[in-house]
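Predicted model, so just to flag it, every value in this text is computed and none were measured. Residue numbers start from 1 in every chain, and the chains themselves are labelled A, B, ... in the order their sequence lines are given, proteins ahead of strands.
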Number of protein chains: 2
Amino acid sequence: MAADSYHQTSKIQIAVDCIIFGFDGAALKVLLIKRGFEPEFGKWSLMGGFLMKNETAEDAANRVLHFLTGLKDVYMEQLHTFSALNRDCAARVISIAYFALIDINEYSEQMQRDHEAKWFPIDDVPGLIFDHNLMIAKARDLLRMKVASHPLGFELLPEKFTIPQLRILYESIYATTLDKRNFQKKILSLGILHRLDEKEKESSKKGAFLYVFDHVKYNRLQSGELKFI
Amino acid sequence: MAADSYHQTSKIQIAVDCIIFGFDGAALKVLLIKRGFEPEFGKWSLMGGFLMKNETAEDAANRVLHFLTGLKDVYMEQLHTFSALNRDCAARVISIAYFALIDINEYSEQMQRDHEAKWFPIDDVPGLIFDHNLMIAKARDLLRMKVASHPLGFELLPEKFTIPQLRILYESIYATTLDKRNFQKKILSLGILHRLDEKEKESSKKGAFLYVFDHVKYNRLQSGELKFI
DNA sequence: TCAAAAGTGTTTGATCTACACCCATGC
DNA sequence: GCATGGGTGTAGATCAAACACTTTTGA
């Protein structure tokens, strides 16, 4: 840092934007809102907000996420900081983008109405304001990279889930199909799932066993890196 | 974003910091400077600077890097944005950190003296100002992740390099040892190196063949992801 | 002639892929 | 009793890991 610039005010504003992913059992989705103020009133947008003087960017992202979803303690990770000169047409604003993974079932209809929010399939996102489409593309890439080796997929599912649900989630994230025998074998061989004595019977007559992610076993591994796919 | 805050001035300053990696043939190193102004005068630090109104963060990072090293067109990538409330003891400053890979031979002695800069082995970095040690740790993790599947290692070597040099580089980055037969087999099987009819004879009597990275062949692969290690 | 680093192949075990049938149940 | 999705095993191919000797040449 050059000493002479230390006390200058940058006059550049700082925002955070949240890419919120959810999974409805069939497709990976992102939560978007219809923007309620100028500029770009009425257009679809990511949820965001300005960084306040007394909060970190993580705090701000959590504040925004909580405001939109009512949820706390959500899995969230910094994605990238976007600083193109004209990315926001109204002012010079840089945006620190975060991506979050939530269980779509915990996001209420009420919240959806309150904020004019809507879930869009990741492959069918409309044209968004500013560089928000770019943010989503980047978030999807990072999500793909992370779920291949970290236990994040579970964040998008209910606490109890079935192996077929998990497989369809991975298929949605990677836009591919996976062999169900090989998938089940590999996932179970990681030794981080615990099978319950309950079955989920919504999607089939036979019913599929429910599993929970076993944090204790996962932490014992301490390699941090696994191969989910 | 909340409409009412759109026109407020954040009064938070924005800086960039550069984690500059180099490789001297034996160890992975980072370039640090002795800070020439308050606060924290005389302490070791990463090179940084404030973001100017009319430049992107990438521009600023390149400006800082060019100022310190005289180099342009350097491999550089955004690492993370650090926004802890008291990370800079003098003011509220958030820092967008970048990591850069340079060929250590292109960094002149003269530049080193001009800026009171010094290369430190990655495992022997002194206590730095603010959160700069954290930045370096995070940069090393990202470097490890990236070089496993992307052709970045070459950025740290001269244009012409030998396979043993490349292997020692990977050994330094991962703090491990690699079997030279397996390494050579794997690297050459990627099909992205071109062997020259020259040998490098500094480090052995027999001499080792020089190779260059073949961008054309690499781009033809278009998978983007390889397995270097 | 010897010291120092370069170069090279094979065997073994592990992992990945492809693939098809029976099971349990609600209708 | 039949349609629907759940659950399971094996064989072949590919990939990763371990491992030791010969070559070159400057000193």
Using a strict cut-off of less than 4.0 Å between a Lys/Arg side-chain nitrogen and an Asp/Glu carboxylate oxygen, indicate whether A/Lys160 and A/Glu200 qualify as a salt bridge. no

Nearest-nucleotide 5' precedence on DNA chain D, B/Lys201 against B/Lys227: B/Lys227

Go through D/dT25, D/dA3, D/dG6 for me and flag the one nearest to the A/Lys205 side chain. D/dA3

Closest to the B/Gln184 side chain: C/dA24, C/dG7, C/dA6? C/dG7

Measure CD1/B/Ile187 against P/C/dG7 and give the value in whole Å, please. 14 Å

Look at the side chain of B/Arg181 and decide which nucleotide, out of C/dA6, D/dC19, D/dT25, has an atom nearest to it. D/dC19

Let me spell it out: for each of B/Asn182 and A/Ser204, pick the nucleotide of DNA chain C with the closest heavy atom. Which residue's pick is nearer the 5' end? B/Asn182

Output the rounded distance in Å from NZ (A/Lys186) to C1' (D/dG9). 17 Å

Name of the residue among B/Asp24, B/Asp124, B/Asp123 meeting salt bridge (charged side-chain N to carboxylate O under 4.0 Å, His left out) with B/Lys29: B/Asp24

Quick one: does A/Lys185 reach the base of C/dT15 with a side-chain donor-acceptor pair under 3.5 Å? no

Taking the side chain of B/Ala208 as its heavy atoms from C-beta onward, which of D/dG6, C/dG9, C/dG7 lies nearest to it? C/dG7

Using a 6.0 Å cut-off, check whether atom CG of B/Asn219 has over 12 heavy atoms from anything other than its own residue. yes

May I ask you to verify whether the side chain of B/Lys206 and the base of D/dT22 hold a donor-acceptor pair under 3.5 Å? no

Do NZ/NE/NH1/NH2 and the carboxylate oxygens of B/Glu77 and B/Lys146 come within less than 4.0 Å? yes

Quick check: any donor-acceptor pair below 3.5 Å linking the side-chain of A/Lys180 to the base of D/dG6? yes

B/Thr162 near the nucleic acid: base, sugar-phosphate alone, or nothing, with a heavy-atom cut-off under 4.0 Å? nothing

